[in-house]
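Values reported hereafter were calculated over all heavy atoms of this structure, with side chains retained and with hydrogens, waters and symmetry mates removed. Order of appearance sets the numbers: ligands from 1, and atoms from 1 within every ligand. In what follows, residues are counted from 1 in the order of the sequence shown.
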Amino acid sequence: MDPAYWPDPDRFDPERFLDAEGNVIDKPESFLPFSGGRRVCIGEKLARMELFLFFSTLLQSFTFKAPEGAPPTDGVVGITWGPHPFKLCAIRR
Ligand code: HEM
């Protein structure tokens, strides 16, 4: 969330992970969801494969939309930064 590394950190912007040519920046040095060094997550490879299968299957099958008039969701700090409870419409493609 440090704006020195992530401009406009509160904005949802998946394109921040792409370079100028549209290629995925594989490991931005200021993004460490699996930590680093001696305590780095040993499940990272498995987790990345599972996340890819899980989300690509969902996004192939459904279009996700906020319900009409729903307020924008905000984050809440816990063990990780997550959303407050929210409603979502999953529309079959
Ligand atoms: C999205 C999924 C995951 C995330 C974000 C994640 C994140 C992390 C992070 C940040 C740490 C370091 C904790 C620390 O600093 O002590 C860690 C450690 C660890 N993770 Fe994961 N993890 C994920 C999935 C998995 C999976 C699927 C496995 C096993 C199949 C796994 C096994 C472990 C183990 C055993 C450690 C301890 C490593 C050590 O201290 O030597 N994780 N994980």
**Nearest-0.5 Å distance, CG of residue Leu53 to CD of residue Glu50** = 6.0 Å
**Request:** Note the single closest protein heavy atom to atom 29 (C) of ligand 1, along with its residue, its atom name and the distance in Å.
**Result:** Gly43 CA, 3.9 Å
**Request:** State the atoms of ligand 1, each with its element, that fall below the 4.0 Å cut-off from a heavy-atom position in Leu46.
**Result:** 30 (C)
**Message:** I'd like to check which ligand 1 atoms, numbered from 1 as shown, lie under 4.0 Å from a non-hydrogen atom of Ser35.
**Reply:** 10 (C), 12 (C), 15 (O)
**Prompt:** Which option, Ile42, Leu51, Leu32, owns the non-hydrogen atom nearest atom 36 (C) of ligand 1?
**Reply:** Ile42
**Ligand-side contact atoms (ligand 1) for residue partner Pro33, heavy atom cut-off under 4.0 Å** = 5 (C), 7 (C), 10 (C)
**Item:** CZ/Phe54: more than 12 non-hydrogen atoms of other groups inside 6.0 Å
**Value:** no
**Prompt:** For the residue pair Trp6 and Phe31, does the interplanar ring angle fall in the parallel (under 30°), tilted (30 to 60°) or perpendicular (over 60°) class?
**Reply:** perpendicular
**Item:** Contact check, side chains of Leu18 and Val24, non-hydrogen atoms, under 4.5 Å
**Value:** yes
**Message:** Take a 6.0 Å sphere around CZ of Arg39 and say whether it holds more than 12 heavy atoms from other residues, nucleotides or ligands.
**Reply:** no
**Prompt:** Which protein non-hydrogen atom lies closest to atom 4 (C) of ligand 1, naming both residue and atom, and how far is it?
**Reply:** Phe34 CE2, 3.4 Å
**Message:** Measuring only between side-chain heavy atoms, which start at C-beta, is Cys41 closer than 4.5 Å to Ser35?
**Reply:** no
**Message:** When you measure from the heavy atoms of Val40 to every atom of ligand 1, does any distance fall below 4.0 Å?
**Reply:** yes
**Prompt:** Within the structure, does at least one protein heavy atom fall under 4.0 Å of atom 39 (C) of ligand 1?
**Reply:** yes
**Prompt:** For atom 42 (N) of ligand 1, which protein heavy atom lies nearest, and how many Å away is it?
**Reply:** Cys41 SG, 3.0 Å
**Asked** Tell me, which protein residue and heavy-atom name are nearest atom 13 (C) of ligand 1, and how many Å apart are they?
**Response** Arg39 O, 4.3 Å
**Prompt:** Any idea which atoms of ligand 1 are less than 4.0 Å away from a heavy-atom of Ala47?
**Reply:** 2 (C), 24 (C)
**Request:** Answer yes or no: does an N/O atom from Arg38 fall short of 3.5 Å to an N/O atom of ligand 1?
**Result:** no
**Fill in**
Closest non-hydrogen atoms of Phe34 and Val40, given as atom of the first, atom of the second and distance, are O-CG2, 3.5 Å
**Request:** Please check if atom CZ in Phe62 has more than 12 non-hydrogen atoms from other residues, nucleotides or ligands closer than 6.0 Å.
**Result:** yes
